[in-house]
Amino acid sequence: MTVVPFSSARFTPFDLTEWNSVAQPKLERGLWETVSRQTAPDHDQLIVRFPNLDRPVFRFERDRRGTYRLFFNDRRGWYCIGTGETAEECLSVWRGRVPRATAEAGAQAGR
């Protein structure tokens with residue numbers, strides 16, 4: 001039997017599940033218009049477009065080293081707003097954060 005290695009430049013099924021947990025609510029509410037995928041030998045990308053804009057706004061990618069990056073596109077170009085070794089880590093910029101007062105209370109309780 002021949003085993004074909006999985007390219008480190010491709011999103012895994014877990015990556016796509018993680019992405020969908022972020023993207024689906026935004027698509028359903030109409031905040032995002034479309035998500036398209038572009039795959040090449042050295043990267044895999046998911047590109048987000050907003051309604052009524054002629055340019056893509058977000059790009060989530062995995063490169064050939066397996067690094068994940070999230071980019072924002074303002075009118076001047078692409079800016080990295082997240083990076084990580086996993087999709088979950090990279091996409092954490094869109095996850096809710098623990099409020100500061102709660103985090104401080106938890107830290108003081110652990111002392």
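What's counted below: heavy atoms across the whole structure, side chains too, no hydrogens, waters or symmetry copies. By convention here, the first residue in the shown sequence is residue 1.
More than 12 heavy-atom neighbours from other residues, nucleotides or ligands sit within 6.0 angstrom of CZ on Arg37. Crowding of Glu85 atom CD: a count of heavy atoms from other residues, nucleotides or ligands under 6.0 Å not exceeding 12.
Using a 3.5 Å distance cut-off with no hydrogens or angles, the side chains of Asp15 and Thr12 do pair a donor with an acceptor.
By the salt bridge (charged side-chain N to carboxylate O under 4.0 Å, His left out) test, Arg29 is found to be paired with no residue, residues two or more places apart in sequence or in another chain being considered. Here Glu61 pairs with Arg59 under the salt bridge (charged side-chain N to carboxylate O under 4.0 Å, His left out) rule; sequence neighbours left out. Take Ser7 and apply the side chain to side chain donor-acceptor pair (under 3.5 Å) test, not counting sequence neighbours, and it matches no residue. The side chain to side chain donor-acceptor pair (under 3.5 Å) check on Asp74 picks up Arg76, with sequence neighbours excluded. Residues satisfying the side chain to side chain donor-acceptor pair (under 3.5 Å) criterion with Arg65, sequence neighbours excluded, are Asp63. Residues satisfying the salt bridge (charged side-chain N to carboxylate O under 4.0 Å, His left out) test with Arg10, not counting sequence neighbours, are Asp44.
Under a 3.5 Å cut-off, the side chain of Arg55 and the backbone N or O of Asn73 do form a donor-acceptor pair. Of the possible donor and acceptor atoms, one in the side chain of Ser8 sits under 3.5 Å from a partner among the backbone N and O of Arg64.
Smallest separation of non-hydrogen atoms from Gly84 and Cys90: N-CB, 4.0 Å. In terms of heavy-atom proximity, Pro41 sits nearest to Ala9 at O-CB, 3.6 Å.
Residues Val93 and Phe71 do not share a hydrophobic cluster, defined by chaining ILVMFWY side chains whose heavy atoms lie under 4.5 Å apart. Residue Trp78 is not grouped with residue Ile81 when hydrophobic side chains (ILVMFWY) are merged at heavy-atom distances under 4.5 angstrom, including chains of intermediate members. Ile47 and Phe50 sit in two unconnected hydrophobic clusters of ILVMFWY residues. Membership requires side-chain heavy atoms under 4.5 Å apart, directly or through other members. Linking Ile, Leu, Val, Met, Phe, Trp and Tyr residues whenever their side-chain heavy atoms come within less than 4.5 Å leaves Leu46 and Tyr79 in two separate clusters. Grouping the Ile, Leu, Val, Met, Phe, Trp and Tyr side chains by contacts below 4.5 angstrom, directly or via other members, places Phe14 apart from Val35.
Between Trp19 and Phe60 the shortest side-chain heavy-atom distance falls below 4.5 Å. Between Glu18 and Leu91, the closest side-chain pair of non-hydrogen atoms falls below 4.5 Å. Contact annotation: the side chain of Val48 never approaches that of Thr34 to less than 4.5 Å [non-hydrogen atoms, C-beta and beyond]. Thr67 places a side-chain heavy atom less than 4.5 Å from the side chain of Thr83. Inter-residue side-chain proximity for Trp32 and Pro25 is flagged as unmet; no heavy-atom pair is nearer than 4.5 Å.
Ring planes of Phe11 and Tyr68: parallel class, angle under 30° (limits at 30 and 60°). Below 30°, between 30° and 60°, or above 60°: for Phe58 and Trp94 the angle between ring planes is above 60°, a perpendicular geometry.
Separation of atoms CZ (Arg49) and OG (Ser36) is listed at 6.5 Å; rounding is to 0.5 Å.
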